[in-house]
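What follows is a single structure, written as structure tokens, with notes after it.
Just so it is clear, the values below take in all heavy atoms, side chains as well, and ignore hydrogens, waters and symmetry mates. Order of the sequence lines sets the chain letters (A, B, ...), proteins ahead of strands, with each chain counted from 1.
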Number of protein chains: 2
Amino acid sequence: MKTRARPRSVSVRDELTDRIDRGLLTAGTRLPSEPALATELGVSRATLREALRTLEGEGLVRRMWGSGTYVAQGPRVANSLDVNFGVTDAIRAAGMQAGTEQARYWFEPASAGEAAQLKLQPGQDVLVVERVRTADGKPVVLSRDILPARLLAHHPEVADRMLQRSMYEVLEQELGVVIHHGIATFRPVRADITVARMLGIPRGELLLAIWQVDYAEDDVAVVSSHEYHLAEAFDFTVLRRGPGRRLQ
Amino acid sequence: MKTRARPRSVSVRDELTDRIDRGLLTAGTRLPSEPALATELGVSRATLREALRTLEGEGLVRRMWGSGTYVAQGPRVANSLDVNFGVTDAIRAAGMQAGTEQARYWFEPASAGEAAQLKLQPGQDVLVVERVRTADGKPVVLSRDILPARLLAHHPEVADRMLQRSMYEVLEQELGVVIHHGIATFRPVRADITVARMLGIPRGELLLAIWQVDYAEDDVAVVSSHEYHLAEAFDFTVLRRGPGRRLQ
DNA sequence: ACGGGGAAAGTTGTCTGACAAATACTACTG
DNA sequence: CAGTAGTATTTGTCAGACAACTTTCCCCGT
């Protein structure tokens with residue numbers, strides 16, 4: 001509603017990432033010196049340095065004492081598990097068309113495990129959204145998203161829209177809930193009879209099971225997801241930073 | 001050798017992360033104000049702010065304009081794929097004892113694929129280190145690490161030490177090569193006869209295959225690894241930031 | 001002509017002091 | 001008791017200066 005008064009250093013950061021993403025600043029090139037860039041952007045050197053520091057943390061630039069600041073010829077990973085949230089993003093990142101089949105939802109009391117993950121009292125209602133996701137029309141993922149029913153207490157009709165659109169989009173745009181981070185655990189599994197039937201594959205087929213809990217900015221658990229991915233559908237990638245940085 | 005002249009802000013950052021990790025600063029508590037902390041640590045406020053900015057980028061603290069800086073009640077993930085490099089770390093993070101069996105190495109000309117990953121001319125020599133890693137004595141991972149032979153042109157005896165110790169340790173301490181980041185891709189596979197025999201499991205058993213390329217700070221490819229993890233051995237976890245931050 | 005050494009210029013790191021903007025707290029008023 | 005205005009606290013930003021480090025290039029000796 002009101003124009004979020006955000007620090008100027010954030011605007012500077014966005015401006016610079018924009019220049020890099022648009023190819024205006026190509027990998028390896030040296031940025032103008034800090035005093036020069038600061039005057040060009042109309043901020044003080046201190047503010048510019050704040051922005052540069054974050055960019056360095058994100059791995060977009062490298063600063064070398066006495067030499068200059070350079071655009072990192074960094075990795076730009078397509079389907080990165082740690083940035084591409086949600087199945088929709090993953091499918092699109094692979095260059096395919098994301099779709100949905102056999103979508104349905106229902107309300108039920110939370111099981112003990114679900115209640116613990118979402119920090120609810122056992123027995124409180126949760127909404128379960130079950131979908132088979134398709135890439136170019138072919139079933140690739142079975143997902144079950146579980147969220148506290150109280151989130152849509154005043155907007156029960158929102159559940160319908162979750163069947164077709166990305167859950168994160170709906171949460172943010174219709175309910176004002178912004179996901180801040182999530183913790184995903186995964187392991188290989190074999191398809192049991194239920195999953196196999198829904199994905200239209202033989203029993204025992206190779207799957208990657210991903211179990212994930214997403215949190216809002218204030219560390220409130222919002223969604224607990226279970227996903228079963230076809231092994232051949234797409235590869236997952238993770239950008240690993242470090243090592244060493246903060247181990248011990 | 002020489003007293004690494006590292007910026008003071010880095011020392012301050014390490015000091016603060018240390019206090020947080022040791023539980024001296026618990027989650028949710030507010031840090032002293034910037035002027036106070038700066039004098040306590042013996043640096044200027046500007047330097048302290050540099051350190052705080054990186055800590056914020058790493059998600060360890062949250063800064064709120066006009067209110068204060070708070071220790072994030074963030075996730076502290078044990079076996080996180082994006083920070084725990086290497087099998088040794090992963091095994092130790094699971095609270096088990098890391099060991100090695102059937103370790104051997106040899107030199108051979110790089111295949112076309114390996115040459116492309118490591119940016120070598122096809123046919124240039126690479127060192128291949130093959131190991132079966134054990135957790136509490138039980139085989140859990142088969143790993144093959146491939147690196148350019150020129151890295152140890154002047155220290156051929158270093159290869160021996162790679163058989164027992166962590167490859168990252170040896171690279172850093174004996175060859176001065178620091179790994180800056182890596183890109184890991186993974187997918188579920190079934191054990192073929194070769195892998196099954198080495199891990200002592202039946203053919204067709206569930207494995208997680210991880211293929212990874214590690215880079216030095218200047219984006220030179222250093223190691224290409226292939227790993228086969230027993231599915232039941234340990235779960236992998238990824239901390240996902242976002243979504244939204246920098247998509248598009 | 002060539003190589004090495006060193007001064008000079010350029011760039012990032014740090015310091016100091018001050019003010020602006022946002023938030024938390026407090027006392028006052030209805 | 002609730003609401004409000006004012007005050008104190010805290011982070012964000014600014015300005016200028018100097019220190020530490022890197023790169024460049026000129027000069028000198030060989």
key: side-chain contact (heavy atoms from CB on, under 4.5 Å) between A:Y70 and A:T29, intermediate numbers included   = CA-CA 6 Å; A:Y70 302 82; A:T29 61; over 6 Å; no
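A close approach under 4.0 Å does not occur between any side-chain nitrogen or oxygen of B:T47 and OP1 or OP2 of C:dG13. Listed pair B:R63 / D:dG12 meets the phosphate criterion, a side-chain N or O lying under 4.0 Å from OP1 or OP2. Residue B:T69 places at least one side-chain N or O under 4.0 Å from the OP1 or OP2 atom of D:dT11.
Base engagement by A:R49 is indicated by at least one non-hydrogen atom pair under 4.0 Å involving a base atom. Backbone-only engagement by B:R30 is indicated by non-hydrogen atom pairs under 4.0 Å involving sugar-phosphate atoms exclusively. In this structure, A:R45 reaches the bases: a heavy-atom distance under 4.0 Å links it to at least one base atom across the strands shown.
When ring centroids are compared, B:F236 and B:F186 stay outside the 6.0 Å threshold.
Per the geometry, CG belonging to B:L31 stands 8 Å off P belonging to D:dT11, to the nearest Å. The distance between atom CG of B:L37 and atom P of D:dT9, rounded to the nearest whole Å, is 17 Å. Taking atom CG of A:L55 as the reference point, atom P of C:dT12 lies 14 Å away to the nearest angstrom. Between the CZ atom of A:R62 and the P atom of D:dC21 there is a distance of 18 Å, rounded to whole Å. One can place CD of A:E50 at 13 Å from P of C:dT14, the figure rounded to the nearest angstrom. For B:M64 and D:dT9, the CE to P distance is 19 Å, given to the nearest whole Å. In this entry the distance linking CH2 of B:W65 with C1' of D:dT9 reads 15 Å, nearest Å. The distance from atom CG of A:L48 to atom P of D:dG16 is 16 Å, rounded to the nearest whole Å.
Looking at B:T88 and B:R133, their side chains do bring a donor and an acceptor atom within 3.5 Å of each other. Looking at A:D89 and A:Y168, their side chains never bring a donor and an acceptor atom within 3.5 Å of each other. No side-chain donor from either of A:S143 and A:E227 sits under 3.5 Å from a side-chain acceptor of the other. Between the side chains of B:D145 and B:S225, at least one donor N or O sits under 3.5 Å from an acceptor N or O. Side chain to side chain, A:Q173 and A:R165 meet the donor-acceptor criterion of an N or O pair below 3.5 Å.
Heavy-atom distances to DNA chain D give each of A:G42 and A:Y70 a nearest nucleotide, and the one nearer the 5′ end belongs to A:G42.
Judged by distance alone, the side chain of A:R240 and the main-chain N or O of B:L81 form a donor-acceptor pair under 3.5 Å. Under the 3.5 Å distance criterion, the side-chain polar atoms of B:E174 are left unmatched by any main-chain donor or acceptor of B:L171.
Of the listed nucleotides (C:dG13, C:dA21, D:dT23), D:dT23 has the atom at the smallest distance from the side chain of A:S67. Closest approach to the A:E34 side chain among C:dT12, D:dT10, C:dT14 is made by C:dT12 (side chain taken as heavy atoms from C-beta onward). Of the candidates D:dA20, D:dT11, D:dT13, D:dT13 carries the atom nearest the A:S44 side chain, counting heavy atoms from C-beta on. Taking the side chain of B:A46 as heavy atoms from C-beta on, and the options C:dT16, C:dT12, D:dT11, the nearest nucleotide is C:dT16.
Atoms CD and CG, on B:E108 and B:D125 in that order, are 8.5 Å from each other to the nearest 0.5 Å.
Taken over five-pair windows at either terminus, the axes of the helix from C:dA1-D:dT30 to C:dG30-D:dC1 are inclined to one another by 10° (rounded to 10 degrees).
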Polar pairs (N or O, both sides) under 3.5 Å between protein and nucleotides 6-8 of chain D?
none

